[in-house]
A.B. asks: 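Please find one structure pasted underneath; my questions will follow.
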Amino acid sequence: MKILITAGPTREFLDPVRFLSNRSTGKMGFAVATAAAEAGHSVTLVAGPVQLDTPNGVCRLDVVSALEMLDTVQRELPAYDALVMTAAVADWRPKRTAAEKLKKRDMSAVLELEPNPDILKTLLPQKGDRIFVGFAAETGDPLAEASRKLAAKGLDLMVANDVSRPDAGFEVDTNLVTLLMPDNSPVPLPLLNKLEVGRIIVDWLERKKGRTDKA
Ligand code: PMT
């Protein structure tokens, strides 16, 4: 298969030295890319700003902002069988980005923001028989919110991670996820290394593609 994977955070700049971002390190997305390449797939990784080495055999395209990630994924998507969005895309960006560093005296205590486009929703009309996988980092009731996003974004699989735990989600090497699909019961997985989670997702993609090809 040809698999397009996004990873890491995006940065939304206020001026050349200040930005809005989040805690994503890219570990989860790089683990999915490693697992997919190990399984013999052709993999492109669209990476936000992260401090990780490119996995062997993976083509890497670096981006910074959500708009750049959207442009890159939109340009690449037609050549791929599956899109796996592990990236923690910033939902908002500053309304204005100053070309020069803002002086403290010129800054307001209130930051004006505007919404970034939702990459998965924007690409839904181009989905065709491609497989779309999303991730949801949630606290509180992870499955309820992740199920809502599975439907709202028209996904084949939503990987819900409970980021209220210190050993799951952002920054750490392990993750605790539940696989949510439109027509199946949720599949909770035990606490696993992110590479093992990546291998399970790749295995799921292979079986899904097999079923789609037969249908
Ligand atoms: O990078 P690590 O440190 O290893 O951490 C991994 C992770 C916690 C970032 C990862 O496992 C994860 O959960 N990623 C998704 C983060 C998230 O909360 O996404 P979301 O709920 O904002 O969005 C849901 C889905 O829509 C995601 O697949 C996201 O990539 C996508 N999205 C979100 C916003 C947006 N503007 N466009 C999108 O396509």
Side-chain angles (χ1 to χ4, degrees), residues 3-12 20-35 45-53 55 63-74 76-77 82-93 113-127 130-180 189 191-198 200-201 205:
I3 306 177
L4 187 59
I5 300 166
T6 66
T10 63
R11 284 183 184 173
E12 312 300 324
L20 300 176
S21 193
N22 59 66
R23 288 169 49 206
S24 174
T25 58
K27 284 182 180 180
M28 189 63 250
F30 278 58
V32 178
T34 302
L45 187 53
V46 180
V50 296
Q51 308 295 319
L52 295 174
D53 293 333
V63 298
V64 176
S65 66
L67 289 176
E68 283 174 26
M69 187 172 278
L70 171 62
D71 278 355
T72 304
V73 173
Q74 195 156 33
E76 294 292 320
L77 188 67
L83 170 64
V84 181
M85 290 280 305
T86 77
V89 184
D91 288 315
W92 297 87
R93 63 177 184 270
L113 303 176
E114 63 187 352
N116 273 325
D118 188 296
I119 298 174
L120 281 166
K121 281 188 185 168
T122 306
L123 298 179
L124 197 53
Q126 286 164 248
K127 183 175 181 299
R130 287 180 192 84
I131 304 166
F132 275 16
V133 177
F135 272 67
E138 306 293 344
T139 58
D141 184 352
L143 295 195
E145 192 50 20
S147 301
R148 189 190 63 73
K149 290 179 184 173
L150 168 78
K153 297 184 188 236
L155 304 178
D156 299 290
L157 174 68
M158 177 57 102
V159 182
N161 31 192
D162 181 352
V163 296
S164 59
R165 291 175 51 124
D167 50 4
F170 295 98
E171 297 163 344
V172 290
D173 291 326
T174 49
N175 210 353
L176 184 72
V177 306
T178 299
L179 307 184
L180 301 173
L189 300 180
L191 185 71
L192 295 169
N193 188 282
K194 283 180 175 170
L195 183 56
E196 293 170 302
V197 174
I200 289 170
I201 292 167
L205 284 172

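Counting starts at 1 for both ligands and their atoms, following the listed order. Since the structure is predicted, the reported quantities are computational estimates derived from the model, not experimental observations.
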A.B. asks: Tabulation required: pairs of a nitrogen or oxygen in ligand 1 and a protein nitrogen or oxygen under 3.5 Å; columns are atom names and distance to 0.1 Å; otherwise 'none'.
C.D. replies:
from: ligand 1; atom 1: 1 (O); to: S24; atom 2: OG; distance (Å): 2.7
from: ligand 1; atom 1: 1 (O); to: T25; atom 2: N; distance (Å): 3.1
from: ligand 1; atom 1: 1 (O); to: G26; atom 2: N; distance (Å): 2.8
from: ligand 1; atom 1: 3 (O); to: T25; atom 2: N; distance (Å): 2.9
from: ligand 1; atom 1: 3 (O); to: T25; atom 2: OG1; distance (Å): 2.6
from: ligand 1; atom 1: 3 (O); to: E171; atom 2: N; distance (Å): 2.8
from: ligand 1; atom 1: 4 (O); to: K27; atom 2: N; distance (Å): 3.3
from: ligand 1; atom 1: 4 (O); to: M28; atom 2: N; distance (Å): 2.8
from: ligand 1; atom 1: 4 (O); to: K194; atom 2: NZ; distance (Å): 2.7
from: ligand 1; atom 1: 11 (O); to: N161; atom 2: OD1; distance (Å): 2.6
from: ligand 1; atom 1: 13 (O); to: N161; atom 2: OD1; distance (Å): 3.3
from: ligand 1; atom 1: 13 (O); to: N161; atom 2: ND2; distance (Å): 2.9
from: ligand 1; atom 1: 14 (N); to: T86; atom 2: O; distance (Å): 2.9
from: ligand 1; atom 1: 18 (O); to: A137; atom 2: N; distance (Å): 3.1
from: ligand 1; atom 1: 21 (O); to: K149; atom 2: NZ; distance (Å): 2.5
from: ligand 1; atom 1: 26 (O); to: K153; atom 2: NZ; distance (Å): 2.8
from: ligand 1; atom 1: 28 (O); to: M85; atom 2: O; distance (Å): 2.7
from: ligand 1; atom 1: 28 (O); to: F135; atom 2: N; distance (Å): 3.0
from: ligand 1; atom 1: 28 (O); to: F135; atom 2: O; distance (Å): 3.3
from: ligand 1; atom 1: 30 (O); to: A87; atom 2: O; distance (Å): 2.7
from: ligand 1; atom 1: 36 (N); to: P117; atom 2: O; distance (Å): 3.0
from: ligand 1; atom 1: 37 (N); to: I119; atom 2: N; distance (Å): 2.9
from: ligand 1; atom 1: 39 (O); to: I119; atom 2: N; distance (Å): 3.3
from: ligand 1; atom 1: 39 (O); to: L120; atom 2: N; distance (Å): 3.0

A.B. asks: Take a 6.0 Å sphere around CD of Q51 and say whether it holds more than 12 heavy atoms from other residues, nucleotides or ligands.
C.D. replies: no

A.B. asks: So that I can tick it off, tell me whether K27 and E171 are bridged by a salt bridge, with the cut-off set at under 4.0 angstrom between side-chain N and carboxylate O.
C.D. replies: no

A.B. asks: Checking L176 now: which residues fulfil side chain to side chain contact (heavy atoms under 4.5 Å, CB included) with it, not counting sequence neighbours?
C.D. replies: R165, A168, L191

A.B. asks: Quick one: does K194's side chain have a donor or acceptor within less than 3.5 Å of a partner on G169's backbone?
C.D. replies: yes

A.B. asks: Any carboxylate oxygen within less than 4.0 angstrom of a Lys/Arg side-chain nitrogen, looking at K127 and D156?
C.D. replies: yes

A.B. asks: Is it the case that the side chain of N161 and the backbone of V163 share a donor-acceptor pair, with hydrogens and angles ignored and the cut-off at 3.5 Å?
C.D. replies: no

